[in-house]
2 protein chains.
Amino acid sequence: MTICDHDNGALALNRQLCFALYAASRAMTRAYQPMLQDLGITYPQYLVLLVLWEWDQPGERDDTDFSVGALGGRLMLDSGTLTPLLKRMEQRGLVIRRRAARDERVTLVEITDAGRALKPRAQDWVTRQLDDSPVSPQEVEQLRGQLWTFLAKLGGGAPVSGSSVDD
Amino acid sequence: MTICDHDNGALALNRQLCFALYAASRAMTRAYQPMLQDLGITYPQYLVLLVLWEWDQPGERDDTDFSVGALGGRLMLDSGTLTPLLKRMEQRGLVIRRRAARDERVTLVEITDAGRALKPRAQDWVTRQLDDSPVSPQEVEQLRGQLWTFLAKLGGGAPVSGSSVDD
DNA sequence: AACAATTAGATTGTGTACAATTTAATTGCG
DNA sequence: CGCAATTAAATTGTACACAATCTAATTGTT
């Protein structure tokens with residue numbers, strides 16, 4: 001039983017980090033569904049809001065940097081994903097899209113009050129989850145750290161580049 | 001600088017385990033692209049093949065268990081995802097789909113020789129990657145373990161259920 | 001100024017994910 | 001047996017991902 005002569009070697013599914021990541025990522029998305037459904041948004045839209053909420057702090061940045069490109073850089077998503085996603089968010093009144101005056105190629109993304117209004121609700125939910133999570137804050141912290149270390153070595157792009165190394 | 005009065009608290013993007021998982025999973029898929037393109041398959045199709053290659057060992061299981069449902073259980077995917085994916089794999093000659101004789105509701109999935117032929121090529125690539133990876137085997141192992149621990153606590157389903165706890 | 005090269009998004013096409021519904025086969029029970 | 005519940009896939013509809021291509025605006029030369 002413990003002897004596995006059938007040589008799947010490096011290819012055993014359970015041995016694959018890639019599958020563990022894939023499964024864990026989808027399980028995480030699933031775990032967010034109750035909140036997302038309550039807020040009426042999808043998971044990637046929620047990630048967009050996380051960025052916009054950060055950008056919405058007074059005097060954080062030059063307004064001209066709130067572009068589709070900057071958003072994509074932060075989330076590592078390209079325009080093929082973000083453009084339709086942002087259009088849907090615009091239809092729901094969560095953001096406004098407009099061309100930059102100084103460079104008409106650039107589309108600026110601005111959060112609306114309706115978008116801001118979702119923040120405390122998300123915050124409450126996340127805080128509540130962290131409180132009665134079966135996973136300890138230390139475990140979460142360690143896993144998150146390892147994932148970013150791993151991502152950096154994959155050349156996938158750093159979690160943040162510069163200003164707000166806030167934790 | 002270390003004081004972040006703009007209270008994003010629990011919602012700072014970089015603090016989100018969910019985003020780390022999401023980004024890492026997509027980065028991993030990206031890392032597999034060269035091989036996948038070479039084999040002419042997609043990432044989820046590759047995961048299906050990993051399962052089929054495991055099932056393809058002599059005397060491993062009852063044939064009647066090589067169903068869409070069993071595949072979905074292993075990969076945590078439902079028929080809405082698997083059915084079209086398997087149809088595409090069938091068109092490329094990698095698998096055969098047929099109804100089970102004993103229960104016509106069940107669709108059995110069988111690997112073909114063309115599907116088997118991809119295994120050594122994948123194996124070579126994965127082995128090569130592990131060899132000159134910037135991430136040590138210990139790191140990979142630890143991360144993988146933590147992800148499964150985490151997944152189990154999320155209630156996402158165990159990596160394997162029963163027979164082949166082979167590593 | 002003129003024009004090739006670059007850049008930022010948008011578009012197109014393919015392939016997942018997954019909720020919700022539908023269809024067909026099987027099971028359980030009176 | 002007969003039929004309501006269950007079960008397994010398939011289907012439908014919405015929303016990502018991402019490669020490849022296209023379009024329009026800008027820049028860097030000469």
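Per chain, numbering begins at 1; letters A, B, ... match sequence-line order.
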**Study point:** Check: Ser136(B) main-chain N/O paired with Glu139(B) side-chain donor or acceptor under 3.5 Å
**Key:** yes
Exercise for review: Mark yes or no for whether Thr112(A), through its side chain, and Leu94(A), through its backbone, hold a donor-acceptor pair below 3.5 Å.
Suggested key: yes
Point to revise | Validation row: Leu21(B), Leu147(B) side chains within 4.5 angstrom (heavy atoms) | key: yes
Practice item. Look at the rings of Tyr32(A) and Tyr43(A) and say which category their plane angle falls in: under 30° parallel, 30 to 60° tilted, over 60° perpendicular. Key: perpendicular
Practice item. Heavy atoms under 4.0 Å is the rule here; annotate nucleotides 19-25 of chain D 5' to 3' with B where the base is hit, S where only the sugar-phosphate is, and - elsewhere. Key: B-----B
Review point. Chain B on DNA chain C: first and last contacting nucleotide, 5' to 3', under 4.0 Å to a heavy atom?
Key: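 Contact span on the strand: dG15(C) to dT26(C).
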Distance in angstrom units between [X] [atom1] and [N] [atom2], rounded:
| X | N | atom1 | atom2 | value |
| --- | --- | --- | --- | --- |
| Gln45(A) | dA17(D) | CD | C1' | 14 Å |
| Leu47(A) | dA17(D) | CG | P | 8 Å |
| Arg92(A) | dT14(D) | CZ | P | 11 Å |
| Met89(A) | dT14(D) | CE | C1' | 16 Å |
| Glu90(B) | dA9(D) | CD | P | 15 Å |
| Tyr22(A) | dC16(D) | OH | C1' | 13 Å |
| Leu82(A) | dA15(D) | CG | P | 16 Å |
| Leu71(B) | dA8(D) | CG | P | 15 Å |

Practice item. Output yes when at least one side-chain N/O atom of Lys87(B) is less than 4.0 Å from OP1 or OP2 of dA9(D), else no. Key: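 For Lys87(B), the contact criterion (side-chain N or O under 4.0 Å from OP1 or OP2 of dA9(D)) is not met.
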Review point. Looking at Ser67(B), does any N or O in its side chain come under 4.0 Å of the phosphate oxygens OP1/OP2 on dA9(D)?
Key: yes
Check your understanding: Toward the 5' end of DNA chain C, which comes first, Thr83(A) or Tyr43(B), by nearest nucleotide?
Key ->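 Closest to the 5' end, via its nearest nucleotide, is Thr83(A).
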Study note, to complete from the structure: Comparing nearest nucleotides in DNA chain C, the 5'-proximal residue of the pair Thr29(A), Val68(A) is Val68(A)
Check your understanding: Among the nucleotides dA17(D), dC16(D), dA10(D), which one has an atom lying closest to any side-chain atom of Arg88(A)?
Key ->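 Of dA17(D), dC16(D), dA10(D), dC16(D) is nearest to the side chain of Arg88(A).
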**Study point:** Identified salt bridge (charged side-chain N to carboxylate O under 4.0 Å, His left out) partner of Glu110(B) from the options Arg98(B), Arg116(B), Arg99(B)
**Key:**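 The passing option is Arg98(B).
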**Study point:** Straight-line distance of Leu71(B) CG to Asp65(B) CG, nearest 0.5 Å
**Key:** 11.5 Å
Revision key, fill the gap. Rounded to the nearest 0.5 Å, the CZ atom of Arg105(A) sits from the OG atom of Ser67(A) at a distance of 11.5 Å
Review point. For Arg144(A) and Glu141(A), what are the C-alpha separation, side-chain angles and deciding distance, and is it a salt bridge (charged side-chain N to carboxylate O under 4.0 Å, His left out)?
Key: CA-CA 5 Å; Arg144(A) 184 169 62 81; Glu141(A) 172 63 23; 2.7 Å; yes
Point to revise | Met76(B) to Ala23(A) - nearest heavy-atom pair and separation | key: CE-CB, 4.1 Å
Check your understanding: Checking all strands, does Arg26(A) fall into the base, sugar-phosphate, or nothing category for heavy-atom contacts under 4.0 angstrom?
Key ->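 Sugar-phosphate contact only.
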